[in-house]
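Have a look at the structure below before the remarks.
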Amino acid sequence: MRVLVTGGAGYIGSHTVVRLVEAGHEVQVVDDLSNSSPIVLDRIEEITGVRVPLDVVDVTDRGAVTAILAQHPVDAAIHLAGLKAVGESVEQPLRYYRTNLDATFSLVGAMADAGVRTLVFSSSATVYGAQASPPFEEDLPTSATNPYGWTKVMQEQVLRDVAAGDPRWRIALLRYFNPVGAHPSGRIGEDPQGHPNNLVPYLAQVAVGRREKLLVFGDDYDTPDGTGLRDYIHVEDLAAGHLAALETLAAADAGGVRTWNLGTGSGTSVLEVLAAFSRAAGRELPHEVVGRRAGDIAASWADPTRAHRELGWRAEKGIDEMCADTWRWQETNPAGYDGPPA
Ligand code: UDP
């Protein structure tokens, strides 16, 4: 298939592009590079031997997306472009709502005009909100605890309505749990700008000496060791999940929206991740327990049964491999793509 990947230069996008290319699909990347580097395309070429074309375009620019689809006809799109920092979304809600919703309106409109109606959408386990307790399965009601999360809830609803209005649409809503890890080559990985908000990128910066110690946000949760439980999933497994979803949609006998959790089905605590990363880095990484982070829930993990059954997909890599691969990437690219190599 010929596949447009929005946000294809980003963390999840770059790993997904590699997987698509390796499966023989022809990929066109659209990315405004606002939170990614053009060097990613060089690295993807190193890994796959294929130069994937990049259009540096903001997906909210519908005219530009229409022009790209006219110039490079595709069979399907994978839509990952968007803003994703929870804390920033609290400070800049209008920017988050406008950007993330506009990107989806623009892409879906341009796709419909071009007669392309197969779409894999990047959603999040954040749509399970704070009211349920894990495991989370796809039929639970959705809600959110911050503007970023609401943009995902709303984009899902927009896409369900689009599919209800025109049964030719085939749409996958992929709810990611906590993506971590990197390509085993160490050539692509997560490169957060500024202060990393998420646990594993933060630990990677502690291990490489860019941060002094991990701050553990609370050890008084109702969990086995008191720290928060999350369903960490290797980004390589996540990328494979996109490929499976795309191929499943393309082979389906009918249109409609399908929702799949992409997670492992089990929770790992902050202290267990700290121990795994310390093993990967070969030294005990320093930490200090501090108060809870506002808005955090105690525990989140997926019920991945539907994805197993309908996609024939399951996550295979464990937390040690996730940390080892993250460390390989961080150690060899201590300042990310644009800094000097180690
Ligand atoms: N966490 C932490 N210190 C950090 C970042 C995160 O203790 O510097 C904890 C956080 O409270 C949660 C877990 O690690 O229990 C995963 O947090 P992350 O931000 O990576 O994912 P999310 O909370 O969005 O699922």
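First listed ligand is number 1; within each ligand, the first listed atom is number 1. These numbers come from a predicted model, not from an experiment. Counting from 1, the numbers follow the sequence of the chain as shown.
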* So, Tyr128 versus Asn261: side-chain donor-acceptor pair below 3.5 Å or not? ->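 On atom types as modelled, these side chains qualify, holding a pair under 3.5 Å.
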For [Y], is there an ion pair with [X] - N to carboxylate O distance below 4.0 angstrom?
X      : Y      : result
Arg2   : Asp75  : yes
Arg62  : Asp102 : no
Arg306 : Asp139 : yes

* **Whether Tyr148 and Tyr96 hold their rings parallel, tilted or perpendicular, with breakpoints at 30° and 60°** =>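 It falls in the perpendicular class, over 60°.
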* How are the rings of His183 and His15 set relative to one another: parallel (under 30°), tilted (30 to 60°) or perpendicular (over 60°)? ->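 Taking His15 first and then His183, their aromatic rings sit tilted (interplane angle of 30° to 60°).
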Starting from the N and O atoms of ligand 1, find every protein N or O within less than 3.5 Å and list the pair with its distance.
unit_1   : atom_1 : unit_2 : atom_2 : d
ligand 1 : 3 (N)  : Leu215 : O      : 2.7
ligand 1 : 7 (O)  : Leu215 : O      : 3.4
ligand 1 : 7 (O)  : Phe217 : N      : 2.9
ligand 1 : 11 (O) : Asp296 : OD2    : 2.6
ligand 1 : 17 (O) : Arg293 : NH2    : 3.4
ligand 1 : 19 (O) : Asn198 : ND2    : 3.1
ligand 1 : 19 (O) : Arg293 : NH1    : 3.4
ligand 1 : 19 (O) : Arg293 : NH2    : 2.8
ligand 1 : 20 (O) : Asn198 : ND2    : 3.4
ligand 1 : 20 (O) : Leu199 : N      : 2.9
ligand 1 : 21 (O) : Asn178 : ND2    : 3.1
ligand 1 : 23 (O) : Arg230 : NE     : 3.3
ligand 1 : 23 (O) : Arg230 : NH2    : 3.4
ligand 1 : 23 (O) : Arg293 : NH2    : 3.1
ligand 1 : 25 (O) : Asn178 : ND2    : 2.9
ligand 1 : 25 (O) : Arg230 : NE     : 2.8

